[in-house]
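To start, I am sharing the structure in question, which I have written as structure tokens.
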Amino acid sequence: MQITNFIANLEGKWLRKETLYSLVNEKIISNQSKVYYKSLTHLQQKFPNLNSYTAKYKIFAVLEILWENQSNKLAHIICFYQLPESISGQFIQWNQNTPHKLIKGDFYWNNSKILNVVIKQGNTSIQEKIYTPIDKLKLVNNIRKKFNICVSVLFISEIKLN
């Protein structure tokens, strides 16, 4: 599957329910929010230095994600890069409020069309599996490890509202 098709299916307004299990603190935190996904096409005009990085990739997609709940709002932009006929690629993510803090990672599709995301930062790693069994349902498992020891597990379900 190409990342552009995946992003096109995400576009719109979603209702998000997430539950975080912290194994370190032995706490469970649940949250509900609205999420808006939007494909961006003019990001290279804002960040012209991306052109040199994206030149070797034929598939370039940008996703803007806006989270909104009772206590706060977050805005992220994720740039995906994938070679044609490849099942893997890379991405760069940043929060619009702190654009100087980039998160880099890799992604790949498995045989069941599940998007697997891997982020490594120092001694911390995040493994995320994103599955869309139908167009209006998205399921996510997120495992965070420090020094190769699981410290938290996050389960997310999203239902598309439009």
Exercise. Does the pair Lys104 and Trp94 meet the rule for a side-chain contact (heavy atoms from CB on, under 4.5 Å), with working shown?
Worked result: CA-CA 9 Å; Lys104 297 179 183 178; Trp94 65 90; over 6 Å; no
For this session: Using a 4.5 Å cut-off on heavy atoms from C-beta on, say whether the side chain of Phe80 contacts that of Phe6.
Result: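 A side-chain contact is absent here, since even the closest heavy-atom pair is not under 4.5 Å.
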For this session: Start with the C-alpha gap between Leu15 and Leu161, add the side-chain angles, then the distance that decides, and say whether side-chain contact (heavy atoms from CB on, under 4.5 Å) holds.
Result: CA-CA 7 Å; Leu15 181 61; Leu161 299 176; 4.1 Å; yes
Exercise. Do the ring planes of Trp14 and Tyr37 sit parallel (below 30°), tilted (30 to 60°) or perpendicular (above 60°)?
Worked result: perpendicular
Exercise. Is Ile92 close to Tyr81 at the side-chain level, that is, under 4.5 Å between some pair of heavy atoms?
Worked result: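 Yes. Closest side-chain heavy atoms under 4.5 Å.
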For this session: Flag yes if Tyr21 and Leu154 sit in one hydrophobic cluster, no otherwise; membership is Ile, Leu, Val, Met, Phe, Trp, Tyr, and two members link when side-chain heavy atoms are under 4.5 Å apart.
Result: no
Problem set entry | Ile28 side chain reached by Thr19 side chain, heavy atoms, under 4.5 Å | yes
Exercise. Are Phe107 and Leu139 connected in a single hydrophobic cluster, I mean Ile/Leu/Val/Met/Phe/Trp/Tyr linked by side-chain heavy atoms less than 4.5 Å apart?
Worked result: no
Output a table of donor-acceptor pairs, distance under 3.5 Å, between side-chain atoms of residues 114-125 and any protein atom two or more places apart or on a different chain; print 'none' if there are none.
unit_1	atom_1	unit_2	atom_2	d
Asn116	OD1	Lys129	NZ	2.7
Asn116	ND2	Ile114	O	3.1

Problem set entry | Shortest non-hydrogen contact between Ser22 and Ser152, atoms and distance |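 Distance-wise, the nearest heavy atoms are CA-CB, 4.2 Å.
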Exercise. Does the side chain of Ile77 come within less than 4.5 Å of Leu63's, by heavy atoms?
Worked result: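 Not in contact.
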For this session: For residues Trp67 and Tyr36, establish whether the separation of their ring centroids is below 6.0 Å.
Result: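 Aromatic pair excluded; centres sit 6.0 Å or further apart.
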Exercise. Are side-chain heavy atoms of Ile143 and Cys150 found at a separation under 4.5 Å?
Worked result: yes
For this session: Any pair with a residue in residues 131-140 that passes salt bridge (charged side-chain N to carboxylate O under 4.0 Å, His left out), sequence neighbours left out, goes on the list, sorted by first then second residue, please.
Result: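 Counting only pairs at least two positions apart or across chains, the salt bridge (charged side-chain N to carboxylate O under 4.0 Å, His left out) contacts touching residues 131-140 are Lys138-Glu158.
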Exercise. How about Ser33 and Arg16: do any of their side-chain heavy atoms sit closer than 4.5 Å?
Worked result: yes
Exercise. Do Ile126 and Tyr131 share a hydrophobic cluster (ILVMFWY, side-chain heavy atoms under 4.5 Å, transitive)?
Worked result: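 They do not share one cluster, since no chain of ILVMFWY contacts under 4.5 Å joins Ile126 to Tyr131.
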For this session: Taking the side chain as every heavy atom from C-beta outward, state whether Ile156 and Asn142 have any atom pair closer than 4.5 Å.
Result: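 With C-beta onward as the side chain, the pair stays apart.
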For this session: For the residue pair His76 and Glu64, establish whether any side-chain heavy-atom pair is separated by less than 4.5 Å.
Result: no
Exercise. Is Ile149 linked to Val24 within one hydrophobic cluster, defined over Ile, Leu, Val, Met, Phe, Trp and Tyr using a side-chain heavy-atom separation of less than 4.5 Å?
Worked result: no
Exercise. Is there a path from Ile130 to Ile159 through hydrophobic residues (I, L, V, M, F, W, Y) whose side chains come within less than 4.5 Å of each other?
Worked result: no
